[in-house]
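Structure, as structure tokens:
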Amino acid sequence: MSITAKTEFKPKIVAFCCNWCSYAGADLAGSSRLSYPADVKIIRVPCSCRVNPMFVLRAFEKGADGVILCGCHPGDCHYSTGNYYTRRRMTLLFSMLDYIGVEQGRTRVEWVSAAEGVKFSTTMNEFVEKIHSLGENVRLGDLRCRN
Amino acid sequence: MQRIGVFVCHCGSNISATVDVEKVAQMSLLEPGVVHAEDYQYMCSEAGQARITEAVKEKKLTGIVVCSCSPRMHETTFRNAAERAGINPYMVEIANIREHCSWIHKNIEEGTEKAIILARAAIAKVTLNAPLKPGESRVTKRALVIGGGIAGIQTALDIAEAGYEVDIVEKTPSIGGRMSQLDKTFPTLDCSACILTPKMVEASAHDKINIYTYSEVDQVSGFVGDFTVDIRKKARSINMDKCTGCGVCSEKCPSKKISSEFNRGLGKRSAVYTPFAQAIPNVPVIDRENCIKFKTGKCGICEKVCQAGAVDYTQEDEIITEKYGAIVVATGFDTIKLDDFDEYAYNQSKDVITSLELERVMNAAGPTKGHLERLSDGKAPKNMVFIQCVGSRDVTCRGKVYCSKICCMYTAKHAMLIRDKYPDVNVTVFYIDVRTPGKNFDEFYRRAVEEYGVNYVKGQVGKVAPQANGQLLVQAVDLLDNKQILMEADMVVLATAIEPEAGVRKIATMLTASIDTNNFLTEAHPKLRPVESPTAGVFLSGVCQGPKDIPETVAQAGSAAVKAIGLLAKEKLMTNPCTAKSDELLCNGCSTCANVCPYGAITYEDREVNDHGIREVRRIAVVNNALCQGCGACTVTCPSGAMDLQGFSNRQIIAEVDAICR
Amino acid sequence: MYKIKTENLTALFQKIAGHQELYLPVRNAGQVNYANWSDEAEVDLNVLNTVKSPKDAFFPQSENLYTCKRDGKKITIEPEQLKSQNFVIFGMRSCDLKGVEVLDKVFLEDPLDTFYAARRDHGTIVAMACNEPEETCFCKAFGIDAAEPNADVATWMAGAELYWEPLTEKGEALTEMVRELLDDGSEEAVEEMKTNIRRIIAKLPYSDLSMDGWNGEVLDEKFNSELWDELYKPCLACGTCTFVCPTCQCYDIKDYDTGNGVQRYRCWDSCMYSDFTMMAHGNNRTNQMQRFRQRFMHKLVYFPANNDGMYSCVGCGRCVAKCPSSLNIVKVVKAFQNQGGEQ
Amino acid sequence: MQELVKRASELLADGSVARVLGWKAGDLPYNPEPAYFENEEQLRSFVYNGFCGANLSKYMIEASKLEGKTLVFLKPCDTYSFNQLMKEYRVDREKAWIIGVGCRGKLDIEAVKRSGIKGIESISEEDGELKIKTLYGDHSISYAEAMLERCHSCKGKEHRVYDELIGESEETNDSERFAGVTEIEAMSPEEKFAYFQKELSKCIRCNACRNVCPACSCRKCVFDSNKFDSAQKANTDSFEEKMFHIIRAFHVAGRCTDCGECSRVCPEGIPLHLFNRKFMKDIDELYGEFRAGEDAETKGPLTDFTFEDAEPGVVAERG
């Protein structure tokens with residue numbers, strides 16, 4: 001990716017991926033050799049509904065510059081309803097982060113199926129680019145983790 | 001403190017081309033708890049696995065991290081290796097440095113750095129892993145089928161043929177369902193009764209099938225493999241063992257003016273009745289609400305005329321409790337109520353009928369003995385109008401948003417049959433779209449238009465107005481010619497939307513099977529698990545899952561049977577150990593977790609706890625490991641963090657987050 | 001005795017801040033707390049009680065003790081530097097000064113708390129008399145004179161002037177630093193001020209509060225009293241009373257994982273919290289009644305028993321004003337006295 | 001008030017209830033405290049006045065464990081909390097005898113003091129004015145001006161659960177409930193950040209907001225336990241203030257009845273209700289109007305969903 005060359009800033013990005021769709025989608029991106037920046041590190045969870053808002057804040061606390069959640073498309077959840085709960089929880093959480101002045105682009109939810117390797121890679125490229133445009137996360141982190 | 005071994009795979013050059021595997025191993029060795037790290041050509045090979053087992057023994061490892069391909073590929077391989085080496089298989093974590101790293105990054109420095117971070121996240125997680133053991137649960141070798149229509153009958157027959165006991169619970173006095181009410185079936189036009197009756201007889205005669213008619217499911221408890229169900233056998237007032245099915249009781253019953261459910265209210269029946277001639281069992285029931293004996297205490301004629309002495313007014317509802325390993329829901333459908341569709345004058349005119357009512361009219365055993373006639377005056381109709389999509393594909397809240405799927409075809413069937421039998425009757429069909437995706441379907445529809453001269457008009461009917469002369473004035477729009485149509489008809493037939501049977505919501509609740517906004521039961525996965533409910537051990541057969549025609553219903557009934565057989569064939573069920581678990585000292589008993597559990601796996605019990613010296617009885621969430629599938633929805637909804645997911649615990653995920661962000 | 005026009009106080013603060021850190025009551029988002037002085041700071045000397053007491057200046061709510069850094073398997077430990085720069089804390093009231101005396105008893109006795117001691121050594125306290133005491137005040141019950149703020153420098157606000165009297169060497173040094181801004185002032189104005197303050201204090205609703213019956217001698221009787229069962233009931237188990245209190249001195253020591261090591265820090269703790277003094281086997285105080293009792297027994301019985309009768313309550317009234325359930329130490333003191341009267 | 005005492009005495013005397021949960025007169029004109037009364041003698045110190053703001057519903061968690069029924073006085077807004085607690089099985093309806101008491105808005109002593117009044121000796125009321133005698137002269141302030149913020153955006157004077165009602169209520173709602181939220185929403189990200197940074201920097205982590213909150217009824221809060229490695233006792237870094245208040249608001253989202261106790265008790269006057277109301281406003285706008293505690297049955301918005309729910313991207317789209 002050319003964007004990493006643009007600046008010294010190397011964002012830390014945590015991506016929570018559900019085991020059944022998005023993690024498999026990321027696998028497909030890999031086997032299709034569809035590249036995205038190495039700044040993205042994936043954490044596997046059984047379902048997007050396993051992602052506690054506390055995990056998202058924890059990532060920011062410890063120095064993440066962006067957090068993205070990926071799950072099955074609504075209606076396709078392996079557990080049938082999990083992502084519907086995720087959708088409400090994360091909508092409210094993101095809205096609250098926006099409300100306290102954290103930049104909107106630092107958080108994102110994207111539905112990526114096991115067949116959407118291309119979408120996974122495109123999403124990650126976009127997201128990293130967005131984080132680059134926002135720069136380092138200074139509003140929502142614990143300073144003690146920065147030295 | 002754990003003793004962790006890290007094994008870095010080259011995967012030939014798949015990984016090692018863009019990741020310095022040696023460095024990943026070296027760097028991993030610096031992480032707390034790591035006592036061994038090595039890299040190898042192919043970790044998944046026999047030799048690679050042997051290196052793992054050797055290291056476990058030599059270095060007394062308690063946890064393993066394999067940096068390799070996706071866990072979706074070889075997690076099981078390495079878990080098995082761990083088990084062979086004598087440590088719990090769930091003490092293994094995979095760092096996916098191939099699909100998520102080496103394959104997408106070209107720069108070796110970048111790839112290596114990321115691989116090191118992924119490894120350290122896996123190390124951080126495995127540090128907090130705990131040995132997990134799958135549970136075992138037994139399987140009762142008996143299935144319950146709820147609903148005795150064609151779906152239920154087919155499912156029951158298939159399961160029984162595989163050698164398992166099956167009970168069918170049917171709420172009406174006879175099995176047969178909607179199909180028994182149909183006259184002919186599309187696209188072959190064979191007689192519905194002719195193909196259904198042999199199935200009914202077969203089911204009834206099968207030694208593995210036990211049929212409870214005039215019965216309902218009262219209560220369900222338990223879980224996959226081990227359900228306990230209470231079946232309420234409603235009082236029939238006729239002793240089934242004694243009754244010979246001679247029919248004298250019905251003949252002599254003085255209360256004969258009761259609207260016949262089987263004939264959709266178009267005919268009459270007596271208070272003691274068998275719904276239709278081919279009913280199985282051929283044993284009548286006494287409709288106590290309309291029986292003179294039950295209403296006034298007088299009469300008792302049926303008892304007097306019954307030579308077998310089968311009439312028993314003292315019968316009471318009976319509860320039968322039975323255990324099942326699998327449950328198949330086959331509750332079927334009904335047509336929607338048309339009270340909100342005043343424009344079609346269904347409630348004003350007897351000559352406006354639903355398609356299902358037309359089936360009865362066309363049927364030789366129906367209210368008109370199979371003669372097509374107006375129900376108001378018995379005259380033969382000259383002009384008939386069919387209106388499709390009555391309440392289907394309806395975005396107003398009156399109807400259903402979905403397509404009922406069968407209406408286009410049965411309307412073509414009706415039109416064709418009428419034109420065939422009564423060539424002088426003009427038939428006009430108003431439609432939004434004609435949908436004919438099925439084997440021989442479009443051919444069938446084209447025959448209706450081309451060979452039988454059915455007049456298809458694309459457009460919606462705005463109003464059906466009964467006239468003083470007994471005619472029905474139909475106002476419609478022809479969308480293709482873009483003109484208003486005003487025509488008189490003798491009869492109007494409404495292709496009424498279908499919806500799941502009214503009782504299905506109650507059944508779904510008992511089974512904790514989820515249901516969608518239209519009351520159709522939800523599949524475990526819409527594409528990949530279409531006949532399973534998200535609740536383990538509960539399967540879906542027929543229209544209760546979504547609109548479908550007879551062949552589709554029979555096909556789904558068969559697959560539901562296969563799924564049930566697959567379950568019943570198991571001696572024991574191994575349960576996924578990555579299930580939710582509630583900490584009794586933190587649980588508030590607030591029930592929020594149960595509200596989001598799609599499997600009904602969470603129940604509450606009052607339990608005495610000892611909270612650091614405070615002994616008290618508290619309401620505590622209890623997770624049934626056999627039901628829990630480990631999604632984790634409950635863990636996030638639990639504000640105190642009492643509910644946690646084994647294998648993906650809060651602390652484990654946080655450790656991964658920390659390791660990535662540091 | 002010196003004096004300075006209130007309009008010149010900003011110049012005074014600027015002058016002090018030019019040499020040393022200056023810590024004084026500042027209004028931020030509607031509330032007044034001690035904070036570092038800056039040009040933008042909205043200084044508020046009229047507020048009697050800051051929300052948090054100024055003990056923060058010597059015993060911060062949270063302070064780092066040392067940092068561990070990990071590099072691979074190598075660990076280095078860096079102790080936190082002790083306070084080495086002089087600072088001034090301006091505006092403390094008599095009650096809060098007494099609060100510092102209480103803290104001294106705890107932290108300056110053996111074993112010496114070096115973090116606290118360093119701050120005490122480097123801090124110069126400029127205190128203010130309370131010319132408008134409030135209904136929540138009861139410092140008099142502890143023999144504190146709100147009219148005589150005995151610190152390094154004592155000050156009195158009289159109309160448009162602040163009277164200034166250095167009382168210690170540190171006070172003299174500070175006075176020297178700002179001497180050019182001070183004028184000479186007369187004792188009379190201050191004496192009049194003092195009389196006035198004492199007159200108001202005599203009229204306060206709690207002016208007749210005495211500490212009769214509260215001494216270390218009837219420990220068992222107090223401890224076992226059934227009154228506690230009633231008194232604690234409305235308590236929400238929050239830490240408001242402890243965190244606004246100028247004498248509460250309990251702290252917890254915790255580690256924060258920075259990713260590449262650990263920061264060991266201490267922070268205020270509250271005996272009202274269920275995990276206060278939690279040990280591996282659990283907690284020796286298992287219910288809120290016991291925790292509630294602990295707080296008041298400590299302040300009014302155990303502490304004076306071990307410190308020559310010095311109560312660890314100074315009557316500042318913060319808990320009276322801030323308790324969400326309107327509980328407070330005065331209600332506790334009186335409850336036992338009334339019970340005595342009835343028996 | 002006499003009517004309340006009379007009825008309480010009756011119910012105690014005939015054994016209908018074992019105790020009474022109400023408010024006891026304090027030692028200052030404005031500090032009554034929640035209290036239990038077990039006999040007529042004790043009831044002599046019962047008080048019900050403008051300063052009885054404390055919501056007693058949370059005390060019913062403990063009272064539900066006691067033998068016999070507890071008579072509890074609940075103001076209209078307190079009954080929402082009671083319903084919510086009932087929905088979560090935290091209180092036992094059978095153990096409560098609820099007398100719904102009238103409410104004409106509750107007073108905020110901080111509001112009185114903010115107007116510059118100090119040294120209060122007595123407070124009395126005349127024609128909607130509070131007459132306040134102080135050591136430094138007499139003052140007067142209108143009742144409405146001295147009211148708690150929550151009463152200005154009162155959700156109505158109808159009791160949602162009760163056994164009997166005593167006393168009249170007066171409407172006090174005179175402001176738009178979400179006005180404060182809307183104002184912040186209109187700010188730029190920098191302004192929003194500065195606003196909350198300033199407010200939250202005051203937080204002393206006393207946990208009063210949490211402990212008074214009827215929705216925060218966890219036996220052990222996540223911030224006191226090691227379940228998330230999140231135990232905190234102090235805001236050592238400004239992140240922790242944000243973490244605590246966001247998560248607290250999130251945990252009570254869809255459960256918070258907007259009783260306003262958090263803002264009432266905050267010793268630093270942080271407008272904590274602005275967090276809760278933000279979630280309420282979002283829930284109302286995105287998922288349909290919802291009032292926690294209106295009844296004890298309806299599913300909360302975070303344990304429910306529709307297929308057509310807004311996507312999280314809606315946050316950015318709204319701008």
Side-chain angles (χ1 to χ4, degrees), chain C residues 28-31 33 46-48 51-52 60-64 132-137 200 203-206 230 233-244 251-252 254 256-257 263 265-270 272-276 288 318 320-328 330-331 334, chain D residues 21 23-24 26-36 42 51 54 58-59 62 109-110 113-114 116 118-122 134-136 195 198-202 204-212 219-220 224-225 229 231-237 240 261 264-271:
Chain C
N28 174 36
Q31 303 291 325
N33 281 292
N46 292 321
V47 156
L48 188 71
V51 181
K52 276 207 283 188
Q61 181 155 14
S62 172
E63 70 181 312
N64 209 27
E132 287 189 328
E134 296 189 23
E135 74 278 6
T136 50
C137 295
I200 298 168
K203 290 201 295 184
L204 294 175
Y206 291 149
E230 294 309 311
K233 285 257 168 67
C235 175
L236 297 170
C238 74
T240 306
C241 51
T242 28
F243 290 172
V244 299
Y251 60 83
D252 194 5
K254 300 180 87 69
Y256 181 80
D257 181 356
Q263 273 200 16
Y265 66 101
R266 71 167 165 192
C267 63
W268 296 352
D269 202 347
S270 171
M272 290 293 172
Y273 290 169
S274 57
D275 54 353
F276 180 74
Q288 196 55 29
R318 286 186 177 87
V320 178
K322 295 296 185 184
C323 174
S325 297
S326 300
L327 288 176
N328 60 56
V330 178
K331 284 183 178 175
K334 287 188 197 165
Chain D
L21 177 53
W23 302 269
K24 188 167 94 178
D27 55 358
L28 293 174
Y30 54 78
N31 69 348
E33 66 186 61
Y36 287 98
Q42 289 174 352
F51 288 105
K58 193 177 186 183
Y59 289 95
E62 286 305 312
I109 191 62
E110 296 293 330
K113 290 183 175 174
R114 258 200 309 277
K118 52 166 93 172
I120 298 168
E121 289 181 301
S122 72
T134 80
L135 293 161
Y136 310 104
Y195 174 81
K198 194 166 176 157
E199 285 294 345
L200 292 182
S201 68
K202 293 184 295 180
I204 58 172
R205 275 309 290 280
C206 65
N207 293 319
C209 52
R210 179 190 77 183
N211 290 16
V212 80
R219 292 182 206 283
K220 200 170 181 67
D224 287 346
S225 86
D229 190 26
Q232 296 179 358
K233 272 186 183 159
N235 297 323
T236 301
D237 186 273
E240 289 171 310
E261 285 285 85
R264 177 180 72 87
V265 303
C266 179
E268 289 278 14
I270 303 172

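What you see is a predicted model; the values in this text were computed from it and never measured. Order of the sequence lines fixes the chain letters, A, B, ..., with proteins taken first and strands second; residue numbering starts at 1 for each chain.
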- Which of these passes side chain to side chain contact (heavy atoms under 4.5 Å, CB included) with D:Asn31: C:Leu327, C:Val330, C:Asn328? C:Asn328
- Does any donor atom in the side chain of D:Glu240 or C:Tyr256 lie under 3.5 Å from an acceptor atom in the other side chain? no
- Under 4.5 Å, counting heavy-atom pairs only, tell me which of C:Ser270, C:Pro205, C:Ala237 racks up the most with chain D. C:Ala237
- Message: Working to the nearest 0.5 angstrom, can you tell me the gap between D:Glu33 CD and C:Lys331 NZ?
- Response: 4.0 Å
- Task: Could you have a look at C:Asn64, C:Leu204, C:Leu48, C:Ile200 and say which one has the most heavy-atom pairs with chain D under 4.5 angstrom?
- Result: C:Ile200
- Are a donor atom and an acceptor atom from the side chains of D:Asn235 and C:Gln61 found within less than 3.5 Å of each other? no
- Message: Less than 4.5 Å to any heavy atom of chain C: does that hold for the side chain of D:Arg114, its backbone, both, or neither?
- Response: neither
- Item | Region of D:Ala208 in contact with chain C, defined by heavy-atom distances below 4.5 Å | both
- Task: Check whether any side-chain heavy atom of D:Tyr136 lies under 4.5 Å from a side-chain heavy atom of C:Glu132, and answer yes or no.
- Result: yes
- Is there side-chain contact between D:Leu135 and C:Glu135, with at least one heavy-atom pair below 4.5 Å? no
- Message: To the nearest 0.5 Å, what is the distance between SG on D:Cys209 and CG on C:Leu236?
- Response: 11.0 Å
- Note on the structure: Assert top hit (heavy-atom pairs under 4.5 Å, partner chain C, pool D:Gly119, D:Gly269, D:Ser225, D:Pro267) equals D:Pro267
- Item | C:Glu134 side-chain N/O to D:Ile120 backbone N/O, donor-acceptor pair under 3.5 Å | no
- Query: C:Ser325 and D:Tyr59: which non-hydrogen atoms are nearest, and at how many Å?
  - Reply: OG-OH, 3.4 Å
- Query: Between NZ of C:Lys322 and CD of D:Glu268, what distance do you get to the nearest 0.5 Å?
  - Reply: 7.0 Å
- Choice from C:Gly30, C:Ala29, C:Pro324 maximising heavy atom contacts with chain D below 4.5 Å: C:Ala29
- Query: Side-chain contact, heavy-atom cut-off 4.5 Å: D:Leu28 with C:Tyr206?
  - Reply: yes
- Pair count under 4.5 Å, heavy atoms only, with chain C: among D:Asn211, D:Val265, D:Asn207, D:Leu21, highest is D:Asn211
- Would you say C:Ser326's side chain and D:Pro32's backbone share a donor-acceptor pair under 3.5 angstrom? yes
- Item | Contacting moiety of D:Glu110, where chain C heavy atoms sit under 4.5 Å | side chain
- Task: Heavy-atom distances under 4.5 Å only: say whether D:Ser201 touches chain C with side chain, backbone, both or neither.
- Result: side chain
- Can you name the closest pair of heavy atoms from D:Asp224 and C:Asp275 and give their distance? O-OD2, 4.0 Å
- Item | Heavy-atom proximity to chain C below 4.5 Å, by part of D:Lys24 | neither
